Amino acid sequence: MNKKIAYFSASNFADCDLPLLHELQQRADVSYILQISDKTKQQTLINIKQIKKRGGVYPAAEFPDLQNLSKYIDLSKVYVLNMPGRHDFSPGNLWASVCLLRFLLCQHFSVIHLTWPLRYGMFLLYCLRRRMVLTMHDPLPHSSEDTRLNRFHRKTAIRLTPHFILLNSSQKEEFMSIYDIGEERVHLSRLSIYTHLLEVKPAYPACKGYVLFVGKINTHKGIDILCQAMQSLHHQHPGLKLVVAGSGKMYFDPETYIREGFLELHNRYLSSEELAGFIGHAAFVVCPYIDATQSGVIMSVFALGKPVIATRTGGLPEMVADSRHGLIVPPKDSKALSEAIEQLVSHPQLLQQMSGHITEDYHHGNYSWERIASDYLSVYTIYKQR
């Protein structure tokens with residue numbers, strides 16, 4: 001493909017962006033533009049100790065802390081959008097937006113790929129909207145993130161962007177209906193495994209064989225329902241522990257479950273090494289979400305071959321094939337959740353079979369990044385060479 005593609009994304013998406021970019025750069029001229037600020041300089045695979053005081057677009061070579069990314073992608077094609085201000089209309093941030101627009105124009109990109117709706121401080125970039133495609137990680141907003149400002153950003157992006165990529169098919173019809181979008185503007189793809197976890201040295205916890213919830217703690221994650229399900233299993237399996245590991249404010253009181261002896265709580269940010277360790281020592285992982293789109297947690301877990309119990313919400317059933325990669329249960333149903341946990345705890349050979357299927361499908365098969373990159377390249381062909 002002879003098109004020049006600008007892939008503009010944020011640090012919190014690096015764990016899914018980098019394996020995709022690795023595949024795309026094998027087949028096309030793709031530049032990665034990474035937006036960072038003081039709040040986002042240390043997320044997932046990005047660990048920048050100090051951003052620059054002046055806003056602008058800089059080559060990755062000017063940020064020594066990004067050298068580790070060379071394991072995944074061509075660093076000569078990586079740029080940093082440095083946002084030094086504290087809010088969207090800070091002079092440094094506005095100048096950075098102007099610099100990015102100038103950079104995109106001077107480089108003559110045929111396609112500008114966004115991974116989230118632009119915030120109002122960057123609306124200037126929509127003058128290039130005819131070249132844009134937007135990946136909607138959340139076609140429908142999470143209940144805990146559906147704010148007036150986020151709705152404004154979403155509606156603006158949807159009105160001005162010509163094409164969208166959704167990462168599950170379950171929400172396609174509702175997305176098109178709510179935002180009055182024709183089917184010709186919506187394209188489907190998916191997530192695959194977060195391959196960086198295969199490269200790190202795991203920092204294992206002392207215990208093993210536990211049920212694991214891992215990831216950011218939020219009200220739509222259903223952790224309280226998972227605790228209720230584990231509580232009903234406690235007398236039958238007194239040695240079985242639930243480990244909850246991740247940052248975020250606890251929205252319910254977990255002390256009763258901790259006192260009963262089956263809940264172990266690690267309420268903090270996890271490094272990649274800790275994340276790999278917690279997953280590696282788990283028997284399986286549970287994602288008891290009340291609502292969802294797709295889940296990066298599941299892709300982290302599948303990278304290490306662990307089965308998942310997930311709820312029938314959003315695109316999760318597309319990611320976790322029931323009885324093949326794990327089990328699917330209704331949301332907000334602690335009884336169904338406890339029965340699923342009991343099934344996997346009582347049948348370790350089933351866990352082994354599921355692990356084999358995960359490796360077959362996600363590491364090598366139709367759900368691999370190699371196949372997914374082909375989906376993206378097909379979308380890019382819509383845009384004329386400029």
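Everything numeric in this text was worked out from a predicted model, so none of it was measured.
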Test item: L101 and L128 side chains (from C-beta on) under 4.5 Å apart, heavy atoms: yes
Audit row: I290, I225, side-chain contact (heavy atoms from CB on, under 4.5 Å) steps and yes/no: CA-CA 9 Å; I290 294 170; I225 299 168; 4.3 Å; yes
Ignoring hydrogens and angles, write down the donor-acceptor pairs under 3.5 Å from the side chains of residues 56-66, residues two or more places apart or on other chains.
residue : atom : partner : partner atom : Å
Y58     : OH   : R54     : O            : 2.9
D65     : OD2  : K49     : N            : 2.9

Side-chain donor-acceptor pair present, S37, T40, cut-off under 3.5 Å: yes
Candidate pair L21 and Y72, rule side-chain contact (heavy atoms from CB on, under 4.5 Å), full reasoning: CA-CA 8 Å; L21 286 163; Y72 311 106; over 6 Å; no
Y194/W369 aromatic ring centres below 6.0 Å: no
Test side-chain contact (heavy atoms from CB on, under 4.5 Å) applied to L166 and Q171, step by step: CA-CA 8 Å; L166 306 190; Q171 296 174 317; 5.5 Å; no
Side chain proximity check, I217 to S247, heavy atoms < 4.5 angstrom: no
Ring centroid separation Y120 to H153 under 6.0 Å: yes
Check: H281 and Y210 side chains under 4.5 Å, non-hydrogen atoms: yes
Nearest heavy-atom neighbours spanning S76 and D74: OG-OD1, 2.7 Å
Enclosure of K155 NZ (heavy-atom neighbours >12, cutoff 6.0 Å): no
Residues D291, T313; criterion side chain to side chain donor-acceptor pair (under 3.5 Å); working and verdict: CA-CA 6 Å; D291 60 72; T313 182; over 6 Å; no
Residue pair Y79 / L34, side-chain heavy-atom distance below 4.5 Å: no
R129 CZ to T161 OG1 distance, which is reported to the nearest 0.5 Å: 9.5 Å
Check: R154/Y179 side-chain N/O donor and acceptor closer than 3.5 Å: yes
Check: T293/D138 side-chain N/O donor and acceptor closer than 3.5 Å: yes
R151, CZ atom: more than 12 neighbouring heavy atoms under 6.0 Å: yes
Side chains of N93 and D88 in contact at under 4.5 Å (non-hydrogen atoms): no
Validation row: L350, Q343 side chains within 4.5 angstrom (heavy atoms): yes
I258-V286 co-clustered via ILVMFWY side chain contacts under 4.5 Å: yes
Verdict with reasoning, Y7 to I33, per side-chain contact (heavy atoms from CB on, under 4.5 Å): CA-CA 6 Å; Y7 190 98; I33 305 166; over 6 Å; no
Evaluation steps, ring-ring contact (aromatic ring centres under 6.0 Å, His included), between Y362 and H357: CA-CA 8 Å; Y362 276 92; H357 293 148; over 10 Å; no
Exceeds 12 heavy-atom contacts within 6.0 angstrom, atom NE2 of H87: yes
Sidechain N-carboxylate O distance under 4.0 Å for D361, R324: yes
Side-chain ion pair, R371 and E23, N-O less than 4.0 Å: no
Single-linkage hydrophobic cluster V285~Y204, side-chain heavy atoms < 4.5 angstrom: no
Within the 6.0 Å centroid threshold, strictly below: Y376 and H113: yes
Stacked cation flag R190 on Y367, 6.0 angstrom / 45 deg: yes
From OG1 (T115) to CE (M136), nearest 0.5 Å: 11.0 Å
Interatomic spacing from CD1 in I328 to CE in M319 - rounded to 0.5 Å: 10.5 Å
Distance-only donor-acceptor check, side chains R27 and S374, under 3.5 Å: yes
Centroid separation Y383 to H163 less than 6.0 Å: yes
Verdict with reasoning, H237 to E342, per side chain to side chain donor-acceptor pair (under 3.5 Å): CA-CA 9 Å; H237 298 279; E342 164 71 20; 2.6 Å; yes
Worked check of side chain to side chain donor-acceptor pair (under 3.5 Å) between E318 and S169: CA-CA 8 Å; E318 295 180 38; S169 62; 2.9 Å; yes
Test item: side-chain donor near acceptor, E264 and H266, under 3.5 Å: yes
Donor-acceptor side-chain pairing of Y251 and D224 below 3.5 angstrom: yes
Ion pair check, R312 and D322, cut-off under 4.0 Å: no
Straight-line distance of S97 OG to F89 CZ, nearest 0.5 Å: 9.5 Å
Interatomic distance, K172 atom NZ to S177 atom OG [nearest 0.5 angstrom]: 13.5 Å
Mutual orientation of the aromatic rings belonging to F123 and F152 [parallel < 30°, tilted 30-60°, perpendicular > 60°]: tilted
CA sep, side-chain torsions, deciding dist, call: K77, D29, salt bridge (charged side-chain N to carboxylate O under 4.0 Å, His left out): CA-CA 9 Å; K77 293 286 187 177; D29 185 357; 2.9 Å; yes
Ring geometry between Y289 and F213 (parallel below 30°, tilted from 30 to 60°, perpendicular above 60°): perpendicular
Side-chain H-bond candidate by donor/acceptor type, N47 with Q42, under 3.5 Å: yes
is_close_aromatic(F302, H325), centroid dist under 6.0 Å: yes
Ring-face cation contact, F109 with K4, 6.0 Å cut, 45° max: yes
E174 atom CD: more than 12 heavy-atom contacts under 6.0 Å: no
